[in-house]
Structures are given as C-alpha cells and as structure tokens.
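Letters A, B, ... are given to chains in the order of the sequence lines, protein chains preceding strands, and every chain is numbered from 1.
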Protein chains: 2
Amino acid sequence: MSKPDRPAETSTPTHERVFRALRSEIMHGEITPGQAITIRGIADTYGVSMTPAREAVRRLTAEGALSLSKTGRVSAPQLSTERIEELASIRALLEPELAARAQPRAHLALIERLQNINTTIEQMIVKKDAVGYIRSNLEFHRTLYLRAQAPAMLAMVETVWLQLGPTMSALYARLQRPNAAGNHRTAIAALRAGDEPGLKLAIRADVTQGLRMLGS
Amino acid sequence: MSKPDRPAETSTPTHERVFRALRSEIMHGEITPGQAITIRGIADTYGVSMTPAREAVRRLTAEGALSLSKTGRVSAPQLSTERIEELASIRALLEPELAARAQPRAHLALIERLQNINTTIEQMIVKKDAVGYIRSNLEFHRTLYLRAQAPAMLAMVETVWLQLGPTMSALYARLQRPNAAGNHRTAIAALRAGDEPGLKLAIRADVTQGLRMLGS
DNA sequence: AGCCCCAGATTGTGATCACAAAAAATCCAT
DNA sequence: ATGGATTTTTTGTGATCACAATCTGGGGCT
C-alpha cells in the first residue's frame, strides 16, 4: 500500500551549516584576532545569501565568539590580558568538575582513546602545527568530558574554548605546550587509579599552566 | 557651509531592542515553559518585520534561552530534573567565586544597596509575586557580582539564569524562598566581616537550597 | 464513535531589494 | 607631494516576497 513514505528528511538549514562551519574555524584558531568579518563575505564564501550568514553571525556573537563594534562591524575578538585570565579561571572552575563527573563512567576503551589523542598532541607539538595542536587538545578534553553526562556544563566550557580560539592560535608560540602532554598523562594515570582529587588537580594544572603567560 | 551636523546618533538596532526585551522576559520568568514562540508573533508584537525578530530568536537559542524542535519551531525550554540540577551545579561553582572576587571591592554603599534589595525580596515573598521575586533576587546577585570586575564570568552566570527563568517561574511554589532572605543576610554579614569562606558558603547555600526540590 | 485523509492556514527559511551609515578611494588646493 | 574635503564603494539593517514543510480542522468512510 505504500504509505506516503518520508523520503525528504528535513535537511539541516543553511544557517545551521554556516554556523557550524564558522564556529569550528573560530574554535580551532583558524581566524586571526581582529580579523574583519563581513556578512556578505561569509555569504559568498559559502555560496548563500545574506540572511543565513547574518543569523550565523548573530549566534556566534551571542556566544562571544565574535565581537562587534559600535558600528555593527564584526571581527574575531582581541582579548585583553584580564579577559584571558578570567576565561582561564572559568575553565579552572568547570573542567575539573567535568572530569570528576566523567571518572566513574570512564571505562578502558575511553582511556585508550585518550592516550591515542595524547600521542597525536605530541606529534602536533613536534610539527609546530598550531591549529592541529589546538584541535587535538580540545578533542582530548571533550572526549573525557562527554562521559560526564553534563551537556549544559560542557556547552558552557565549549563557549569558553570558542572565545579563546583565535587568541590561543595567535599566541601559539607563547603557549606552554611541553607540559600539556605531561599533565594529560598524569590525568590518565589518575583516571586509571580512580584518584579523583589527583584527576581534578591534573586537569586544573593543565588548564591554568597552558594559558599562563598569554598576556605580556 | 553648514557642516552636515551629526544629529542622528546611530540608534540601537531593532534586533537588539527585541532581543533585550525578550531576554528580560525570559530571564524573569514571564514566559511559561513549553510556550510556543513564533517569529511572526514576536514581529508584530513589537511592530517590526520578521528579520529582526528572527535574529533575536537566534541569539536567544544560542544562549539556551529558547529551544527549537527539529522542525524549527521555537519554545521556552522544558528542563528535565537532571538539567536543572546541572545548571544549579554551575551556579554553585561560579557564583561563590564571583562573590569572593567582589568582596575586596565591596564598600559600604554597596552593602546598603544589597540590604535594600533584600527587603524588597522579602516583600515579594509576602506578596507571592513570582516575577517580582525572581527579578529582585537576580538583582541582588547581579549587584554583588558586578563588583567582581569579571564580565565574562558574570555573562556566563546570566546565561544560566536565563535558562532557568521560565522553569523557576513555573515551579515558583516549590522554590524554597523562605531561606533566601536568610542566606542573603548571612552573605551580607560575611561581606561586612571580610569573611571570604563564609561569604562563599552563604552564596553556595543560597543557590543550591533555592533550587533544591525543583523536580519531583 | 473512531480513524484517516485532505484542504486550508500557519510557520520557518532563504533570497532579494532599498536605504543609511561608515569606510575607502579620489581629488583638489596649497 | 601632502592634508583635508568629497565622491565612490562597501557594509549592516530592516522589509518584503516566494516557497516548502508543518500544523490544524473538518469531512467522509468504515
């Protein structure tokens, strides 16, 4: 009898596609701080009209990923030293909690995934690949935090990552990367041992050390 | 002759106006969870076209203030119990820190302002005015945190308030309000005494107690 | 009565246009 | 050539329109 069939699965809207693409670029540091962003530029970069481009920009500015001047011009934000330290503080408050919540749910496969990601991080450090380093570093944290079953808290942390993205990429040379892999190893060991205080400490150290000396 | 003169100071854009108005309504609990929101409805409520209404909705959804179904319909979010507790946890992590940062900068005038707001809160409790209670309660917290000089952290906390707004209003009857004023008094006393641990404890108690038993 | 199906109304989405403000390029007088 | 005024271009903003998907009632069939 062939019911009407539902072949036309509602495709994801254009503004959503553009939003996701831009957000990924910003979070992974592919945008330079202060770089001018124009709505029309986005529109014909992605081959769409102004409307979805504008909506994507609105969402991004709402998340603090883009800052707009009084005249409405948008650009990737130039973060002040105080702002960087503030965002680092937020990470230091939320991420240990996420790690602690993930711990009881972390099984062996997850730990192995984390180790694999960590070797990728080390490779990126050797290759001095800023974008690759940021991407795999965030993947490490996200992989762990996804187990926390705390989507709102994870979303909040991702917003912070987003705001830090362009700055971290621009100041990549000043980033204290050597310790990152070490802190991650400590975290993994604590995860294995079921040592919650140690895990929280390692994550906190990773976050604060990595972002130290970013403004000088 | 006669220089062009600059009388037309660029007025705040329409989408900004609509956004602020909607955001305030949501944060203060004037929207019922699950209530359907239509772009055209917003548009002719505020006497504007669809474009700025859509942009306001986009920003609000980016903040989690509105949730949209797969079909694109938007509504005030129905928070699950787990989500409520998660948001309460975020408040419990961030707000004590904001209070602690505000403390060294808190002078006498601020403390008096807080006391005045607190008496207003008590009046709202007596009058059983849900919206008034939420509004003045948030004003109490915001007044304190503004002194923390931590705009990013405050913005993050406001986002959480925004997400909780409709639910808090709907479940107003279950809110443990009697203790609110008491916790606030404890916080004020700690503020006066320069007792940072006491202040952080009072704020944490206020946040967690107030939101306890919101899902049953 | 219960259920299904279809027509009409509602709604989100994307494109296009007109307009004003701002930025950039150009020109002119010194 | 240089600095300031002016013209040209760029850009954000808001409105309107067309279209498809969705939702809503109503009517007819079993």
Side-chain angles (χ1 to χ4, degrees), chain A residues 1-23 31-32 34-78, chain B residues 1-23 26 31 34-78:
Chain A
M1 21 108 112
S2 92
K3 27 168 140 157
D5 210 16
R6 178 123 0 138
E9 190 59 26
T10 304
S11 69
T12 75
T14 305
H15 66 86
E16 181 83 19
R17 263 193 326 109
V18 176
F19 167 75
R20 273 205 251 267
L22 272 175
R23 185 181 147 106
I31 306 274
T32 304
Q35 179 175 340
I37 307 281
T38 68
I39 293 176
R40 283 179 176 85
I42 295 171
D44 58 68
T45 292
Y46 291 93
V48 299
S49 89
M50 292 177 58
T51 311
R54 244 198 298 185
E55 301 184 36
V57 167
R58 289 280 170 267
R59 290 173 67 176
L60 262 350
T61 56
E63 283 194 275
L66 295 176
S67 69
L68 50 87
S69 69
K70 316 110 221 181
T71 74
R73 254 75 174 184
V74 296
S75 60
Q78 296 262 28
Chain B
M1 32 69 146
S2 88
K3 27 172 143 155
D5 210 18
R6 176 117 8 126
E9 189 60 26
T10 304
S11 66
T12 77
T14 305
H15 67 84
E16 181 82 18
R17 264 193 326 108
V18 176
F19 167 74
R20 274 205 252 265
L22 272 175
R23 185 181 146 104
I26 295 171
I31 306 273
Q35 179 176 340
I37 306 282
T38 68
I39 293 176
R40 282 179 175 85
I42 296 171
D44 58 67
T45 292
Y46 291 93
V48 301
S49 89
M50 292 176 57
T51 310
R54 243 199 299 189
E55 302 184 35
V57 168
R58 289 279 170 268
R59 289 173 68 177
L60 262 348
T61 56
E63 284 195 276
L66 295 176
S67 69
L68 49 88
S69 70
K70 316 108 222 181
T71 74
R73 253 76 173 182
V74 295
S75 60
Q78 296 263 28

So which atom in [X] and which in [Y] form the shortest heavy-atom distance, rounded to 0.1 Å?
X       : Y       : value
B:Pro77 : B:Leu66 : CD-CA, 4.2 Å
A:Ala62 : B:Glu63 : O-CG, 4.4 Å
B:Ser75 : B:Ala36 : CB-CA, 4.3 Å
B:Ala76 : B:Ile31 : CB-CG2, 3.7 Å
B:Gln78 : B:Gly34 : NE2-CA, 3.9 Å

Quickly work out the A:Ile39 CD1 to C:dA21 P distance and round it to whole Å.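 After rounding, the reported distance stands at 17 Å.
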
Please give, in whole Å, the distance from D:dT13 P to A:Lys70 NZ? 15 Å

By nearest-nucleotide position on DNA chain C, the 5'-leaning member of B:Arg73 and A:Ser69 is B:Arg73

For nucleotides 14-18 of chain C, which of its nitrogen or oxygen atoms have a protein nitrogen or oxygen under 3.5 Å away, and what is each distance?
{"unit_1": "C:dG14", "atom_1": "OP1", "unit_2": "A:Thr14", "atom_2": "N", "d": "2.1"}
{"unit_1": "C:dG14", "atom_1": "OP1", "unit_2": "A:Thr14", "atom_2": "OG1", "d": "2.9"}
{"unit_1": "C:dG14", "atom_1": "N7", "unit_2": "B:Arg54", "atom_2": "NH1", "d": "3.0"}
{"unit_1": "C:dG14", "atom_1": "N7", "unit_2": "B:Arg54", "atom_2": "NH2", "d": "3.1"}
{"unit_1": "C:dG14", "atom_1": "O6", "unit_2": "B:Arg54", "atom_2": "NH2", "d": "3.4"}
{"unit_1": "C:dA15", "atom_1": "OP2", "unit_2": "A:Ser49", "atom_2": "N", "d": "2.7"}
{"unit_1": "C:dA15", "atom_1": "OP2", "unit_2": "A:Ser49", "atom_2": "OG", "d": "2.8"}
{"unit_1": "C:dA15", "atom_1": "N7", "unit_2": "A:Thr51", "atom_2": "OG1", "d": "2.6"}

Assign A:Ile37 to base, sugar-phosphate, or nothing according to its heavy-atom contacts below 4.0 angstrom with the strands shown.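 Contact class for A:Ile37: sugar-phosphate only.
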
Does B:Arg23 pair with B:Glu16 as a salt bridge, N-O distance under 4.0 Å?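 No.
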
